Amino acid sequence: MFNIRQSLELIVSSAIAEATGLADCKAHVIYSSRPEFGDYQANGVMTVAKQLKSNPRELAARVVSALQENDLIADAQVAGPGFINLFLKDATLAGAATRFAHGQQKMIGTVESPQRIVVDYSGPNLAKEMHVGHLRGTIIGDCLVRVLETVGHDVIRQNHVGDWGTQFGMLIAHMESLGENSAQVHTHLADLETFYREAKTRFDQEPGFADLARGYVVKLQRGDPACLQAWKKFIDESLSHCENVYQRLGVTLTTRDLMPESLYNNELDGILNSLRETGLLTVSDGAQCVFLDEFTGKEGTPLPAIVQKSDGGYLYATTDLAALRHRGLNLRADRVLYVVDARQSLHFQLAFAIARKAGFVPANCSLEHIAYGTMMGEDGKPFKTRSGDTVKLNELLEESVRRAHDIVNGKSPELSPEHREQIANVVGISAVKYADLSKNRTSDYIFDWATMLSFDGNTAPYMLYAYARIKSILRRQGEGIVHPELSEIRITAVEERNLVIKILQFPEVIGVVAAECYPNYLCAYLYELAGVFMRFYEACPVLKAETELRASRVTLVSLTANTLKHGLGLLGLETLEQM
RNA sequence: GGCCCCGUAGCUCAGUGGAUUAGAGCAGCUGCCUUCUAAGCAGUUGGUCGCAGGUUCGACUCCUGCCGGGGCCGCCA
């Protein structure tokens with residue numbers, strides 16, 4: 001894989017080894033903070049010098065003279081207390097960019113040792129319609145999955161939908177009482193949220209209904225065929241709602257990725273037996289619990305993970321343990337990612353710890369809670385409608401598209417209505433997704449229409465505009481005038497150089513996102529790429545340049561377009577040729 | 001009481017493994033469209049990076065304590 005930073009890391013660290021006789025010294029190469037400090041800088045020498053109790057500047061000088069001949073580094077200078085500032089060779093940069101533009105080399109290469117990575121994301125509760133609370137996990141998870149696949153990992157998506165539990169008794173009772181006709185059922189379930197609310201109201205108010213509902217839960221759990229059939233009908237309907245939202249959002253999840261909670265039902269007894277056999281199980285107040293020394297609860301009391309209620313019922317901890325075992329032992333995952341709300345952090349700490357102690361996952365399997373924060377309203381409180389209801393995801397998307405439509409109508413009245421509608425669709429959906437992806441996933445964020453639909457700043461509309469502007473150049477130069485796949489990219493101006501370097505850093509960023517699971521790094525990179533392009537665009541005429549320079553610049557523009565599109569695609573965003 | 005997260009410009013947010021002068025966007029002010037989409041670009045105003053210590057050649061970043069905000073902690077998921 002072409003990765004400037006990795007290459008520099010190798011070159012400089014072997015020079016450190018050469019200069020010191022020590023193996024495994026990190027060069028610690030990062031981007032330079034300012035242009036005069038070079039393109040990259042190596043900071044590792046100072047750490048090594050400290051270990052050796054030697055003068056860092058002298059050591060840095062020795063490392064510089066020990067640098068092997070290579071085609072990447074044009075100049076290496078010792079600076080400050082012992083930094084090594086690295087200046088890259090234009091010819092090498094231009095050559096690499098040209099190879100990418102010609103398609104001779106893929107920008108994103110594959111990792112040397114692909115892993116099997118299970119990614120658990122989205123996982124809506126099927127009792128209700130998808131709402132804004134499901135957005136972040138779905139969007140972030142889908143981005144991570146795309147990135148991990150692109151770098152060559154074997155990714156297994158797991159949509160751990162909530163299709164089991166006490167509230168389904170209530171829903172089935174309500175559905176059954178409305179009649180058996182499937183067409184009617186479909187009509188009634190068209191608005192799942194209302195259906196849920198009706199059932200809940202009856203559960204709370206209507207005499208006898210609650211008992212009926214509880215009866216259905218028991219029947220359901222015993223496997224009563226009629227009850228299961230009704231349940232299945234409900235689940236199918238709810239799933240098709242999800243499918244619609246996924247399709248609208250452009251999420252890659254399909255029915256093949258479904259791994260509903262109910263599929264683990266038959267394994268829960270086994271999970272309990274295993275825990276008992278390994279001596280992890282303790283009875284406390286009639287419930288089956290696992291206590292681990294490293295976890296304490298209120299007032300320093302031992303913290304239980306309840307795996308079976310005193311009435312014999314199982315809980316989500318039990319199901320999650322079954323899921324962990326499935327992923328660890330059956331799917332043989334090297335890495336399992338849980339893209340789940342940060343508030344469940346403790347639950348996963350417990351589940352992971354228990355799963356390891358019980359041997360449900362191999363010791364070398366990495367279990368990671370990819371936590372994300374809550375979406376807040378403008379008041380800084382969890383995002384709700386004015387009346388205090390949860391906001392349906394479908395309605396949120398609709399409103400975003402509608403707002404985008406208003407903007408497009410205002411800015412581009414010359415386009416056909418159909419074209420404007422298509423643009424509004426992409427802008428509206430992208431705005432919502434990008435707003436989410438561009439923020440650090442661990443923090444709560446404030447949902448704000450004006451910011452996310454703005455064309456200024458790190459937003460989807462800006463990114464899409466940048467792309468459309470780039471494509472406009474390529475369109476205007478006409479077919480067959482310059483062949484980007486045949487022309488050489490040359491570096492003749494600092495803006496071109498900056499653009500080339502930025503493009504070549506794409507694989508580095510992808511590598512970081514794949515390792516650390518922060519999509520906002522990719523957004524920040526693409527925003528910078530768009531910005532660097534805009535500066536190039538202002539400073540360097542493309543179509544008016546002389547023949548060879550023009551060919552070079554068109555090729556560079558084309559490569560920029562491909563990189564932007566590729567990156568936005570990994571975020572799960574569509575692009576527009578024209579805006 | 002324990003554990004987790006957060007505190008960076010008036011607002012919304014970045015800041016990869018420690019590094020030289022802490023960055024964007026909005027809001028405010030100022031320039032640039034007979035020239036590839038001005039939905040843009042450039043400039044400018046604005047910060048004791050919650051507070052106090054510590055480690056270090058060097059701390060927004062690491063450690064400790066404190067203050068402030070949020071979250072989680074036995075039969076929901």
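What's counted below: heavy atoms across the whole structure, side chains too, no hydrogens, waters or symmetry copies. From a predicted model like this one, the values you see are computed outputs, not experimental measurements. Each chain gets a letter, A, B and so on, in the order the sequences are listed, and its residues count up from 1.
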With hydrogens left out and only the distance checked, is there a donor-acceptor pair under 3.5 Å joining [X]'s side chain and the base of [N]?
{"X": "A:S33", "N": "B:rA19", "answer": "no"}
{"X": "A:Y465", "N": "B:rA39", "answer": "no"}
{"X": "A:R476", "N": "B:rU37", "answer": "no"}

Requested in this report: Determine the Euclidean distance between corresponding P atoms of B:rU45 and B:rU61; express it in Å to zero decimal places.
Outcome: 26 Å
Report task. Look at A:R136 together with A:D444 and state whether they make a salt bridge at an N to O cut-off of under 4.0 Å. Result -> no
Tell me which nucleotide among [options] gets nearest to the side chain of [X].
{"X": "A:P304", "options": "B:rU35, B:rG2, B:rG74", "value": "B:rG74"}
{"X": "A:E516", "options": "B:rC75, B:rU35, B:rU16", "value": "B:rU16"}
{"X": "A:M534", "options": "B:rC41, B:rC26, B:rA19", "value": "B:rC41"}
{"X": "A:K544", "options": "B:rA19, B:rA39, B:rU35", "value": "B:rU35"}
{"X": "A:F455", "options": "B:rA77, B:rA39, B:rC73", "value": "B:rA39"}
{"X": "A:N520", "options": "B:rG15, B:rC41, B:rC13", "value": "B:rG15"}
{"X": "A:T296", "options": "B:rU20, B:rG2, B:rC57", "value": "B:rG2"}
{"X": "A:K439", "options": "B:rG40, B:rC13, B:rC76", "value": "B:rC13"}
{"X": "A:R475", "options": "B:rG15, B:rU37, B:rC76", "value": "B:rU37"}
{"X": "A:K309", "options": "B:rC76, B:rG15, B:rC36", "value": "B:rC76"}

Requested in this report: On RNA chain B, check which nucleotide each of A:F37 and A:F536 is closest to and give me the residue with the more 5' one.
Outcome: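 Whichever sits nearer the 5' end wins; that is A:F37.
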Query raised in the report: Which sits closer to the 5' end of RNA chain B, A:A539 or A:L346, going by the nucleotide each is nearest to?
Result: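 Final value for this comparison: A:A539.
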Query raised in the report: Is there ring stacking between A:F83 and B:rU20, where the centres must be under 5.5 angstrom apart and the planes under 30 degrees?
Result: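 Yes, A:F83 stacks on the base of B:rU20.
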Requested in this report: Give none if B:rG7 has no partner; otherwise give the nucleotide forming a Watson-Crick or G-U wobble pair with it, both distances under 3.5 Å.
Outcome: B:rC67
Query raised in the report: Yes or no on side chain to side chain donor-acceptor pair (under 3.5 Å) for A:Y314 and A:D269, after CA distance, side-chain angles and deciding distance?
Result: CA-CA 9 Å; A:Y314 291 115; A:D269 291 337; 2.3 Å; yes
Report task. Output yes when at least one side-chain N/O atom of A:Y462 is less than 4.0 Å from OP1 or OP2 of B:rC41, else no. Result ->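 For B:rC41, OP1 or OP2 has a side-chain N or O of A:Y462 closer than 4.0 Å.
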Query raised in the report: Of the options A:D24, A:I84, A:V63, which is the one that meets A:I16 in a side chain to side chain contact (heavy atoms under 4.5 Å, CB included)?
Result: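 Only match with A:I16 under side chain to side chain contact (heavy atoms under 4.5 Å, CB included): A:V63.
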Query raised in the report: Looking at A:F447 versus A:F383, is the centre-to-centre ring distance below 6.0 Å?
Result: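 Yes, they do, as the ring centres are separated by less than 6.0 Å.
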Query raised in the report: Do A:Y521 and A:Y518 make the cut of ring centroids closer than 6.0 angstrom?
Result: yes
Query raised in the report: At under 4.0 Å between heavy atoms, what does A:T301 touch on the DNA or RNA strands: base, sugar-phosphate, or nothing?
Result: nothing
